[in-house]
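We name chains A, B, ... by the order of the sequence lines, and we start the count at 1 in each one.
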Amino acid sequence: MAVQIPVIVVFGPTAVGKTDFLLHFEKSCEIINLDSLQVYRHMSVGTAKPGSDITSRIPHHLIDCVDPDCEFSAGDFVTAADRLCREIHARGKTPVISGGTGFFLKNFIYGLPKAPPSVESIRTELQSRLEREGLPAMRALLEQVDNVSWRRIAVGDSYRIMRALEVYYSSGRPLSDFQLPDTRRSEYRFFLIGLIRDRAELYSRINDRVDMMFRNGLVEEYKKLRAMGYSPDAPGLGAIGYKEFSLMESLGSMTLSDVRELIKQNSRNYAKRQITYFKALDDVLWIHPDSFDLIIDKLAEFV
RNA sequence: GCCGCUGUAGCUCAGUCGGUAGAGCAAUUGACUGAAAAUCAAUGUGUCAUCAGUUCGAUUCUGAUCGGUGGCA
């Protein structure tokens, strides 16, 4: 068997302090971004991208690599991260995957499911059917073509109902036919570090950081994206920190201060979901971001 | 100062023709099959402003007090 590439993974909820923590890896590592929205160009303030002061000290990958109107899926991430891990390892350095998108991480650790990727044309067609006929009709359709998924997916979960239908219509097979990988991929050795803080402390950091984003020109960044021609439907503009401005545009009754509070709220809710997702991962070393010293020995042993 | 409206969950508010109350949001917990900063699911919470009166029984009716708010001065 070929040698396993050692991979360090640093994850945690938004605003927990990942970027500062990564400076500890300065000497012999390169960072692979695990954030589904930091991949987008022209979106820096709202996604809390590391600045050039950081990226000049440690090489960062998968940042600023696609335009805001392009999709970047879990599959795209795994493919790109695989290539980068090999390259970084060949350079004699250790890849450090870091970010907050748990779904991408799970797909990287266990491998992609065998189900086919999303097909744009089929999805848009199903989407327009959903708008015409409503969710209950789509669910009834799913009951016919994939009874197993129909029972598993919650009644109101439009996202998953649509995805299951999409798989059926693009492959001719029900989603539930495709097996889900349940063991870690053999080409890597993982060292999983989960960063965690007291909830109240995390929420207050989130609030402060949103205020900071406004001071750093979040409003201008959004306006610039719109002026460049990106619509609120673009995948990138669905991000927290941007979609709230789109809502203000369409509602008219919101003030900038409402937008700011909504971004804080959405970020807090998101952080909670991230924590829940990460807690379900096995074999994680959980530490406070200020406690790097506690893991120095274990890291040395790993690498 | 006078007249009116008002005080119910952390917030915004329903409601009880008198039998101690419920929505949304928040919060907490969870799910997650190539869109995931997405999409869902479950679960609490209350001196019904205070004091007195009527009543078998008052958060509900009456009075006073204390807040809030709008109008007239």
Original post:
By a strict heavy-atom criterion of less than 4.0 Å, which residues belonging to residues 107-120 of chain A are in contact with RNA chain B?
Top reply: A:L112, A:P113, A:A115, A:P117, A:S118
Original post:
Does anything in residues 233-244 of chain A reach RNA chain B, meaning a heavy atom under 4.0 Å, and if so which residues?
Top reply: A:G238, A:A239, A:I240, A:K243
**OP:** Report yes if at least one side-chain N or O of A:R273 is closer than 4.0 Å to OP1 or OP2 of B:A36; otherwise report no.
**Re:** no
Side chains of residues 196-212 of chain A: which donor-acceptor pairs under 3.5 Å do they make with residues two or more places apart or in other chains?
residue	atom	partner	partner atom	Å
A:R197	NE	A:V16	O	2.7
A:R197	NH1	A:E201	OE2	3.0
A:R197	NH2	A:V16	O	3.1
A:D198	OD2	A:A200	N	3.3
A:D198	OD2	A:E201	N	3.3
A:R205	NE	A:A15	O	2.8
A:R205	NH2	A:A15	O	3.4
A:N207	OD1	A:R268	NE	3.1
A:N207	ND2	A:Y203	O	3.4
A:R209	NH2	A:T14	OG1	2.6
A:D211	OD1	A:R260	NH1	2.9
A:D211	OD1	A:K264	NZ	3.0
A:D211	OD2	A:K264	NZ	3.4

Which side-chain N or O atoms in residues 235-246 of chain A pair as donor and acceptor under 3.5 Å with protein atoms at least two apart or in another chain?
residue	atom	partner	partner atom	Å
A:Y242	OH	A:G46	N	3.0
A:Y242	OH	A:E221	OE1	2.6
A:E244	OE1	A:G241	N	2.7
A:E244	OE1	A:Y242	N	3.3
A:E244	OE2	A:N266	ND2	2.8
A:S246	OG	A:Y222	OH	3.0

**OP:** Please collect all salt bridge (Lys or Arg N to Asp or Glu O under 4.0 Å) contacts where either partner lies in residues 281-293 of chain A, sequence neighbours excluded, each pair once.
**Re:** A:R184-A:D283
Hey, can you pull the donor-acceptor pairs under 3.5 Å for the side chains in residues 89-112 of chain A, sequence neighbours left out?
residue	atom	partner	partner atom	Å
A:R91	NH1	A:E30	OE1	2.7
A:R91	NH1	A:E30	OE2	2.7
A:K93	NZ	A:E30	OE2	3.4
A:S98	OG	A:V10	O	3.2
A:T101	OG1	A:L34	O	3.4
A:T101	OG1	A:S36	N	2.9
A:N107	ND2	A:F103	O	2.8

Original post:
What would the secondary structure line of RNA chain B be in dot-bracket form, counting Watson-Crick and G-U wobble pairs under 3.5 Å, with [ ] for pairs that cross earlier ones and | for pairs with another strand?
Top reply: (((((((..((((.....[..)))).(((((.......))))).....(((((..]....)))))))))))).
**OP:** Kindly state which residues belonging to residues 196-217 of chain A come within less than 4.0 angstrom of RNA chain B, counting heavy atoms of the residue only, listed by number.
**Re:** A:R199, A:Y203
All N/O donor-acceptor pairs, side-chain side in residues 295-303 of chain A, below 3.5 Å, sequence neighbours left out:
none

Original post:
What pairs meet the salt bridge (Lys or Arg N to Asp or Glu O under 4.0 Å) rule with one or both residues in residues 131-146 of chain A, with sequence neighbours excluded?
Top reply: A:R129-A:E133
Please tabulate, one pair per line, each protein N/O and nucleotide N/O from nucleotides 9-12 of chain B that are separated by under 3.5 Å, including the distance.
none

Original post:
Heavy atoms under 4.0 Å, any strand shown: does A:S149 hit a base, just sugar-phosphate, or nothing?
Top reply: nothing
**OP:** Determine which pairs satisfy salt bridge (Lys or Arg N to Asp or Glu O under 4.0 Å) with at least one residue from residues 6-17 of chain A, sequence neighbours left out, and list them in order.
**Re:** none
